[in-house]
Amino acid sequence: MTAPIPDHLVSALVRDEPRVLTRITSLFGRRGYNIKSLSVGTTEVPGVSRMTFVVSGDRGVVEQAMKQLDKLHDVIKIIDHSLEKFVDRELVLVKVRVKDSEARVEVRQMAEDFRARIVDVGRHALTFEVTGDEGKITAFTEQMRPFGILETMRTGRIALTRGSNADIPSHVYHGGESQGLEPVIPTAPREEKAREVNNLF
Amino acid sequence: MSEITGQESGQPEMRSDMTGAKALWATLAAHGVSTVFGYPGGAIMPVYDALTYYPEVRHILARHEQGAIHAAEGWAKATGEIGVCIATSGPGATNLVTGLADAMMDNVPLLAITGNVARHLMGTDAFQEADITGITLPITKHNYVVTDPDMLPTIIAEAIRIARSGRPGPVLVDIPKDVQLAVFKGELAAPHAKPEPVAPRPEALEAALALLKTARKPVLMVGGGSQGASKEITEFARAWQIPTITTLMGLGAFPASDPLWLGMPGMHGSVAANHAISQSDVLVGFGLRFDDRVTGRVKDFAPNAQIIHIDLDAAEIGKIVRAHLPVKSDAALAAVAMTADAVPFDLPEWQAQLDDWKTRGEHPTTWGAAQAVRQVVARLKPDDILTTDVGQHQMLAAQLARFEKPRRWLTSGGLGTMGFGFPAGLGAAMAEPGVVSMVIAGDGGFQMTAQELATLTKYDIRNVKICIINNSYLGMVRQWQELFHEKRYSEVYLGDSNPDFIKLADAYNIRGWRADNSADLESAIDAWLAHDGSALLEVVVPNEHGVFPMVPAGAALYEMIESEPVKVPTTEAGK
Ligand SMILES: Cc1ncc(C[n+]2csc(CCOP(=O)(O)OP(=O)(O)O)c2C)c(N)n1
C-alpha cells in the first residue's frame, strides 16, 4: 500500500489584477502541481486579494510550488502555514434527502450534533451549512451519506495565522521576498519527476 | 539601401500634443532605448506614426516578427541591456511567441510591445484580434494590457524593471489601438533604479566554505546565470584553484585559456567535464539550473558529490538535483564573499586524473563538419561574437570555440530554437558594430529566418559573417535516427531542394563563398572575413558525421560515448 499523499495549506497575498487567478492556476497546471482546493477573496487592504490553496504532494513538490508562485509579479507574498500555528475553516452546503418524517427527525438531530445550520427546507430535502475544519466536514458528510446526499458545494479551506499579525514579521504587507522561502533546509530532490523528462528534441 | 523612413516627417517640437503612442516613445527614450526591432500593422499604426517624432530611437524593420524578436534577443544577450521589439496585433503578435518562449528559457531581458484592437472591440473576435496576453502568460515573466492611456509610462517603466531584475526575462505590453491614439494627460515615468543584488546569508556562506575546504575532488560548474559575474567567479576559481566547467549557457563566463577549464558538461560535453562531475566529491554550481541536457540520468548525476548550489532563484535550488548546501544569492556577491579566505587546493592526484581525461574525446581532423567548424571558429578574436542556430553545428561550435569573455557566445539553449542564430547575430552586430558577429547555422535552420538577409542589406549592416554548415540534412535529427531509430531516416533530407545559398545571398546583394574541403575552406574564410561588409560562407560537408562525445538519452554522464563509432559504409538512405 502506498502512503497517502499529504495535503499542505498555503496562502498567498496577491495583487488584485486581471488574470491573476489564471496566472496562478496556469502555473499549477503547467508544472503538474495538484490543487485540491483554492479560495480567493478581497482583503482589508484595497487592491490586495488573499488566496488559500490546499496542495497535495510531498514536501519537495509543495516547496517548489511555493517558490514558483513567489516569482510571479502579482504575488506579494506566500504564507506557508506549516511554519506557524494557524486556524483554518471551510464552509460546506450539503443538501440531504429526507424520504420520510422519520429520516427528517434523524437528519436534523445529527445536524444539531455538528452544529450544522439548516439554510433551506424542502419537501424531500434539507440543506445544511456546516463550518469547520477538514475533520469535522468529512465526519458530517459521512454521517449524512446513508440518507442520500443530493448536492454539496464547498468553499475550500481558508486559513489565517494565529496571533496578532503585528508581531509576525512575515505578515506585514510588503513587496519583497517571502519569509521562510530561503532554502536553508536541504530540499527533497525531484529525481523521480526529473527522470521522466523525455529526451526529445 | 535607400533608407526612406518617415523619420524626417515628424517634428520633435510637436511632441507636446501627447498621445499614448508618443508617451510610449518618450518613455522608451527616457530608458535609454536606442534601437527597437519591429514590424508594423493596423493595430500598431499610431505607434509607428508617433515614432516619426522620436528620431533618437532607431527602428529596425525586420522581414518577419520572429526575426525582429530574435534580433532583440541577440542585442540583449550581447549587451546585457534590454532588447525591445514591436509587432501588430493578431498574427504579428503570435509571430513573437517563439522568441518570447526562447527569452523566457534563457533569461533574456526583453520588452515586447504589441498593438491590439481598440478597447471596445476586445473580446469580440474583432479583425486581427488575438488574446496575446493569454497566449503568452506562461512564456513571459509578466505581461500587461494597457487599459488606461495615462498609465502607459508607468507600465512601461515597470515592465522594463521586471524584465531586467532578478532572473531576467521577457515582458509583453499589449496596447489597444485607441489607447495609443488617446490624448495623454498623465506623467512620464522615470526609469526605476536597479534593485540591490541579493546577498548570500552569512550562515549559508560559512557552511559552503567549510564544505568546500573538505573537498579532495572539487569541481566548479558555471552556468548562464554567471554571465554577469564572470570576473568575480574567475577570481574565485583561480583563488581556490578549482577545476571549472562552463555549461552551454555559461561558455565565456570563465576563460577557456585557463588551465583550470575543463570544457562543457552534458549530452555533448567533454570527457573531462563529464567524468569530473561524476567523480567529484564537492561540486559548486553557480547560476545554473541543472537542465536535463546537462545532468544526463539525474539519479546518477554527480553521485559522489556534495553539491553547493548558488543561484538567485530559490525555485531552481533543489528543483532537479539535490542541493546539500543551497545558497540563494547574486552570483557576483557570493563569488566575492567566497574568494576572501581562499585556500588554494593542491591535489596532484585529482589533477593527474583530470589531465588524463582532457586528452580524450578529440574530434577528428579529417574533413567533416567538426573540422569545418574548427577552422571557422579559430578565426574569432576575443571580442568577436559567435551566434549559432540549433543542431549539430551548434554543439560542435560549443565544443570547439574558445571564449575568453562573457556575452560573446549567443545560442538558444533552453528552447533550442531553430531560426534563432542569424537574426540574433544580426541584432548583436547592430549593438556592437565594431566587432565581428559570426553566425554558424545549419542548412535547415538558416532557412527558417533567411529572409532577414534583407535586413542586413536595408541597414547596410557590415559585420555579420554567416557560415552555413551544409550537410544536406537536418543533421542532429539524422544523428538520432542513426543511433536510436535503426537508421530510418524519416523526413530529414534537404539536399534535393536546398537553395543555392550563394545565389540566395546574391539575390539580397550579399557576397558569398563556398568550400567543400579543408584547404579551400581556409582561403574562403580569408576572403569571407576580409570582405568589407556582411558575407555568407557555405561549407559543404559530408552528411554521415555525428557529434561526439555523446551521452545517450537516459544514460549517466559517465556512460558517454567518447567518439564516433567506426562505421561500415552504408548506401545513402532516406533520400
Ligand atoms: C523550430 C525548431 N524545429 C525543430 C527543431 C528540432 N531540431 C533540432 S536540431 C534539428 C536539425 C537541424 O538541422 P540543421 O539546421 O541543418 O543543422 P545541423 O544539425 O545539420 O547542424 C531539428 C529539426 C528545433 N530545434 N527547432
task: Please determine, among A/Lys71, A/Gln68, A/Arg23, A/Glu17, the option with the most heavy-atom pairs under 4.5 Å with chain B.
output: A/Arg23
Check: A/Phe128 ring centroid to A/Phe114 ring centroid under 6.0 Å: no
task: Describe, in one word, how the ring planes of A/Tyr33 and A/Phe28 are oriented to each other, choosing from parallel (under 30°), tilted (30 to 60°) and perpendicular (over 60°).
output: perpendicular
task: Please assess B/Val390 against B/Met476 for the test side-chain contact (heavy atoms from CB on, under 4.5 Å), listing each intermediate value before the final yes or no.
output: CA-CA 9 Å; B/Val390 170; B/Met476 187 57 99; over 6 Å; no
- request: Answer yes or no: is there an ion pair linking A/Arg19 with B/Asp131, defined by an N-O contact shorter than 4.0 Å?
  value: yes
message: Taking side chain as everything from C-beta outward and backbone as N, CA, C, O, which of these in B/Asn143 sits under 4.5 Å from a heavy atom of chain A? Side chain, backbone, both or neither.
response: both
- request: Could you tell me which portion of A/Arg30 (side chain, backbone, both or neither) has an atom closer than 4.5 angstrom to a non-hydrogen atom of chain B?
  value: side chain
